[in-house]
Amino acid sequence: MKKILLATAATTLIAGASYADEIKLGLMLGFSGPAESLAADMAGGVRAAVKEISDSGKFLGGTTVALVEGDSTCTDAAVASSVAERMITSDGIVGLVGALCSGATGAALTNVAVPNGMVMFSPSATSPSLTTIEDNGLFFRASPSDARQGQVMAESLLEKGIKTAAVTYTNNDYGKGLADAFETSYTAMGGKVTINTSHEDGKADYSAEVGALASAGGDILVVVGYIDQGGPGIIRAALDTGAFDRFHLPDAMIGASLEERFGTEIEGATGQVPGSDSPGGELLVAIGEANGYNGTAPYAPESYDAGALILLAMQAAGSTDPQVYKDFVMDVANAPGEEIFPGELAKALDILAAGGEIDYVGGTAAELIEPGEAAGSYREIIVKDGKITTVGYR
């Protein structure tokens, strides 16, 4: 009933409203820092969705959308807050897609977005702490919480007969949150974590950290790190010393640069990254090719979806006011309504303008649960012949 009432109100607004010729949408990702190799394809996903909507001529009576981009550096809270502040108070954005990493996201949300009443939609921030953060209904994310990823990791390892694991994590909210979630699930299911310890990013030598991990032992080393920072350093030290030859790698360790660094050296390494076998994922291959990015790279589908959903919520609300359209995000993302896949955003705009309902499936089989985060599925991978290969979904 709520969805019907909201849609009726939005139709009235759209029918009689006049809109600005152009609005600005913020895009803030870690273009530099420990996950920078992921940012280019993620940005490509957002740009593709925004272009599709803007070029259709059907968004809020012909309003176009300009992207304002900024670098959160991933882990620098002060920089992330400063960039978000500039976008909101100086550039005049009406919504913010980002950030990439959990620390930058939480800082920008708490320090800037919430005080300014701005909607933020992260494609990839996964820390469990973001579930309970005080956000006034302004924060959404297209990826599931690491509370879920920890469970998936535990199930995956135990199904493979791996009953003991050493864990190292990057020393921040993301790393600790995921490492703790994994240990909780793994031990509850009968596994044993021999050591769960942090590492600092940016070091040239991780032999001491790997020595401590090796002393604790374990059938496998779980590296909860960043793909462009300490994570590869841990793996290199483990390989060079012979401390471990089996690795499990969560989402922020999965990407093309992993293949480039190690190839067959980590043959058989396993891991997972948010993803689904939704038909929408295949549709993003062509969209990515047409827009000059890899549409199925880690977090690129989530980025397309985040960009699409924030603008579709504005269309459903008949407003670019974050205090208004925030209440429509969950409605356009979920049933009931006509299913919408990548490449069908113009169709979605028409349906919403006519007062209809949509169920945005997108590239990730998007389904948002309270308090505005993805219910989430994961793509399981293995390194085979030096390449990251999908082996299933869960």
Side-chain angles (χ1 to χ4, degrees), residues 6 24-30 42 45-46 49 68 70 72 74-75 77 79-89 93-149 172-174 177-178 181 251 274 299 302-314 316-317 319-334 360 362 364 366-376:
L6 290 175
K24 294 179 179 178
L25 183 68
L27 171 60
M28 184 174 71
L29 298 175
M42 291 176 64
V46 178
V68 177
S72 64
C74 195
T75 55
V79 170
S81 297
S82 176
V83 171
E85 182 76 30
R86 169 185 54 81
M87 288 183 171
I88 294 171
T89 61
I93 64 169
V94 296
L96 178 56
V97 179
L100 194 164
C101 296
S102 296
T105 301
L109 178 66
T110 300
N111 298 333
V112 184
V114 170
N116 286 280
M118 183 57 60
V119 167
M120 276 186 69
F121 206 131
S122 174
S124 53
T126 56
S127 171
S129 66
L130 292 170
T131 298
T132 56
I133 200 167
E134 198 64 46
D135 67 355
N136 295 341
L138 294 164
F139 179 60
F140 303 88
R141 49 180 168 172
S143 298
S145 164
D146 281 334
R148 168 67 178 147
Q149 185 172 189
N172 61 21
D173 288 348
Y174 159 72
L178 178 50
D251 57 336
Y299 291 113
E302 286 80 6
S303 298
Y304 178 96
D305 288 353
L309 282 167
I310 200 168
L311 293 176
L312 291 175
M314 294 180 197
S319 173
T320 60
D321 182 348
Q323 294 299 317
V324 177
Y325 76 77
K326 69 180 177 69
D327 294 328
F328 289 77
V329 175
M330 299 281 281
D331 293 307
V332 297
N334 298 336
Y360 181 82
T364 63
E367 184 74 16
L368 297 187
I369 57 175
E370 292 294 348
E373 62 191 28

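Quick note: residue numbers are just sequence positions, from 1. The structure presented is a predicted model; accordingly, all values stated were derived computationally and were not measured.
Side chains of Arg141 and Thr131: a donor on one and an acceptor on the other come within 3.5 Å. In the model, Tyr360 has a side-chain atom that pairs as donor or acceptor with a side-chain atom of Asp305 under 3.5 Å.
From Ile310, atom CD1 reaches atom OG1 of Thr320 across 11.0 Å, with rounding to the nearest 0.5 Å. Between atom CG of residue Leu368 and atom CZ of residue Phe140 there is a gap of 7.5 Å, rounded to the nearest 0.5 Å. One distance of note links CG of Leu96 with CE of Met118; it measures 7.5 Å at 0.5 Å rounding. Interatomic distance, CG of Leu27 versus OG of Ser303, reported as 8.0 Å (0.5 Å rounding). For the atom pair Met314 CE and Lys326 NZ, the distance stands at 14.0 Å (nearest 0.5 Å). With rounding to the nearest 0.5 angstrom, the OG1 atom of Thr110 is 9.0 Å from the CG atom of Asp135.
Remark: side-chain polar atoms of Ser319 are not paired, donor with acceptor, to backbone N or O of Tyr325 under 3.5 angstrom. With hydrogens and angles ignored, the 3.5 Å screen pairs no side-chain donor or acceptor of Asn136 with any backbone N or O of Gly117. Under a 3.5 Å cut-off, the side chain of Glu373 and the backbone N or O of Ser145 do not form any donor-acceptor pair. Remark: the backbone N or O of Ala125 is not paired with any side-chain donor or acceptor of Ser102 at under 3.5 angstrom.
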Problem set entry | Residues Val114, Leu109; criterion side chain to side chain contact (heavy atoms under 4.5 Å, CB included); working and verdict | CA-CA 6 Å; Val114 170; Leu109 178 66; 3.8 Å; yes
For this session: Evaluate the criterion side chain to side chain contact (heavy atoms under 4.5 Å, CB included) for residue pair Arg86 and Val68; output intermediate values, then yes/no.
Result: CA-CA 10 Å; Arg86 169 185 54 81; Val68 177; 4.0 Å; yes
Problem set entry | Test log, rule side chain to side chain contact (heavy atoms under 4.5 Å, CB included), inputs Ile88 and Ile93 | CA-CA 5 Å; Ile88 294 171; Ile93 64 169; 3.9 Å; yes
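Two residues are said to be in side-chain contact when any heavy atoms from C-beta on lie closer than 4.5 Å; Met330 and Glu370 meet this criterion. Taking the side chain as every heavy atom from C-beta outward, Phe139 and Ser122 approach each other to under 4.5 Å. Looking at heavy atoms from C-beta onward, Gln323 lies in side-chain contact with Leu138 at the 4.5 angstrom threshold. Residues Tyr299 and Asp251 have side chains in contact (heavy-atom distance under 4.5 Å, counting atoms from C-beta outward).
Asp173 approaches Ser127 most closely through the heavy-atom pair O-OG, 3.9 Å. For Ser72 against Gly30, the heavy-atom pair with the smallest separation is OG-N, 3.5 Å. Across Ala306 and Val97, no two heavy atoms sit closer than the pair CB-CG1, 4.1 Å. The nearest pair of heavy atoms linking Ala181 to Asp146 is CB-O, 3.5 Å. For the pair Ala375 and Pro144, the tightest heavy-atom approach, listed with the atom from each and the gap, is O-CB, 3.9 Å. Across every non-hydrogen atom of Ala108 and Ala84, the tightest pair is CB-CB, 4.0 Å.
Residues meeting the side chain to side chain contact (heavy atoms under 4.5 Å, CB included) test with Thr89, sequence neighbours left out: Glu85, Asn116.
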